[in-house]
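Just so you know, residue 1 is the first one in the sequence shown, and it goes up from there. As the structure lists them, so they are numbered: ligands from 1, and atoms in each ligand from 1.
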Amino acid sequence: MAEDRKVVIVTGIPGVGKTTVINTAVQMVRDEHNEEILILNIGTEMFEIASERGLIKDRDELRKMTTAKQREVQRLAGEAIAQKAKTARVIVDTHTLIQTKNGFLIGLPEWVSNAIQPKTVVLVEADPEKIAGRRTTDETRTRDAQLTDEIDTHQRMCRAAAVSVGTITGATVRIIKNREGKVEEAASELASTLME
Ligand code: ATP
Ligand code: MG
């Protein structure tokens, strides 16, 4: 049976290189297959919803809102994404776990996962030391500092969260390593999943 699901969720911990790998893969698909992929970001949708309501001014303030507010904004963002993902080939760039002061908020709870119905969840991973380094050298964002063993734990929990989405929706789960200086390799794996 032909694949009728159009969404690939790309996830992984902050600073692992999701956005970099996605942008490279989308360019590859454009060059090689003449296809456009729509990139949606749950964090961006949440930021737009929260800032329209005057709740926050900066994207990195999102994870500092109360849990109840984050959940409410997340629900609206999930619905907006599901609506936009009805027609085009789509990548959803998102986090599976968001560190809040009240523990991890699950980025893809059942109602968001089921609304989106992804064909695949791609988990971008890298060595914890490299992730720590990328976070400090990237001046475009304000990411929280974390020790490498915390990064390792966070990354393992992301695997569990990605598998949960697969369990709920029937999506496949694909781990892609984003090796230092090898974005193109990771991007080419993502491009193959997009065009499968
Ligand atoms: P966030 O979840 O916070 O949005 P992200 O996973 O999208 O983070 P990026 O913004 O894509 O991460 O990348 C973080 C930093 O790491 C950037 O400065 C980027 O240039 C760098 N980077 C990404 N991939 C690699 C790689 N393979 N080798 C070296 N540096 C990389
Ligand atoms: Mg990003």
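Here the heavy atom of the protein found nearest to atom 3 (O) of ligand 1 is Arg143 NE, 2.7 Å. When only non-hydrogen protein atoms are considered, atom 7 (O) of ligand 1 lies nearest to Thr19 OG1, 2.8 Å. Protein heavy atom in closest approach to atom 13 (O) of ligand 1: Thr20 OG1, 3.5 Å. Nearest protein neighbour of atom 24 (N) of ligand 1, counting heavy atoms only, is Asn178 ND2, 3.0 Å. Summary of contacts: the protein heavy atom closest to atom 4 (O) of ligand 1 is Arg141 NH1, 3.0 Å. In terms of protein heavy atoms, atom 17 (C) of ligand 1 is closest to Asp138 OD2, 3.7 Å. Scanning all protein heavy atoms for the shortest distance to atom 28 (N) of ligand 1 gives Gly181 N, 2.9 Å. Nearest non-hydrogen protein atom to atom 22 (N) of ligand 1 is Arg134 CD, 3.7 Å.
Under the 4.5 Å side-chain heavy-atom criterion for Ile, Leu, Val, Met, Phe, Trp and Tyr, Ile176 and Val7 are members of distinct hydrophobic clusters. Clustering ILVMFWY residues whenever any of their side-chain heavy atoms sit less than 4.5 angstrom apart, transitively, puts Val8 in the very cluster that holds Met195.
Between Lys177 and Glu185 there is no salt bridge, since no side-chain N of the basic residue sits under 4.0 Å from a carboxylate O of the acidic one. No salt bridge links Arg89 with Glu36; every basic N to acidic carboxylate O contact stays at or beyond 4.0 Å. A salt bridge links Arg63 with Asp60: at least one charged nitrogen is closer than 4.0 Å to a carboxylate oxygen. Under a 4.0 Å N-O distance rule, the pair Glu35/Arg30 does not qualify as a salt bridge. Under 4.0 Å is where a charged nitrogen must lie from a carboxylate oxygen, and between Glu72 and Arg75 no such pair does.
Residue-level proximity to ligand 1 for Arg135 is absent, since no heavy atom of it falls below 4.0 angstrom. Of all the heavy atoms of Lys130, none lies under 4.0 Å from any atom of ligand 1, so neither backbone nor side chain is involved.
In terms of polar-atom proximity, His95 is counted as a contact of ligand 1, with an N or O under 3.5 Å from an N or O of the ligand. For ligand 1, the polar-atom distance check against Gly17 finds a nitrogen or oxygen pair separated by under 3.5 Å.
Residue Val16 places a heavy atom less than 4.0 Å from ligand 1. Residue Gly15 places a heavy atom under 4.0 Å from ligand 1.
The Mg ion (ligand 2) does not have Asn41 among its coordinating residues (no N/O/S atom, backbone or side chain, under 2.8 Å).
The backbone N or O of Thr193 sits less than 3.5 Å from a side-chain atom of Lys119, completing a donor-acceptor pair. A donor-acceptor distance shorter than 3.5 angstrom exists from the side chain of Thr11 to the backbone of Thr94, with no hydrogens or angles considered.
Contact annotation: the side chain of Ile106 never approaches that of Thr96 to less than 4.5 Å [non-hydrogen atoms, C-beta and beyond].
For ligand 1, the atoms sitting less than 4.0 Å from at least one non-hydrogen atom of Val183 are 24 (N), 25 (C), 26 (C), 27 (N), numbered in the order shown with element in parentheses. Short contacts between ligand 1 and Glu180, defined as distances under 4.0 Å to a heavy atom of the residue, involve ligand atoms 28 (N), 29 (C).
The local environment of CZ in Arg179 is sparse, with at most 12 non-hydrogen atoms from other residues, nucleotides or ligands closer than 6.0 Å.
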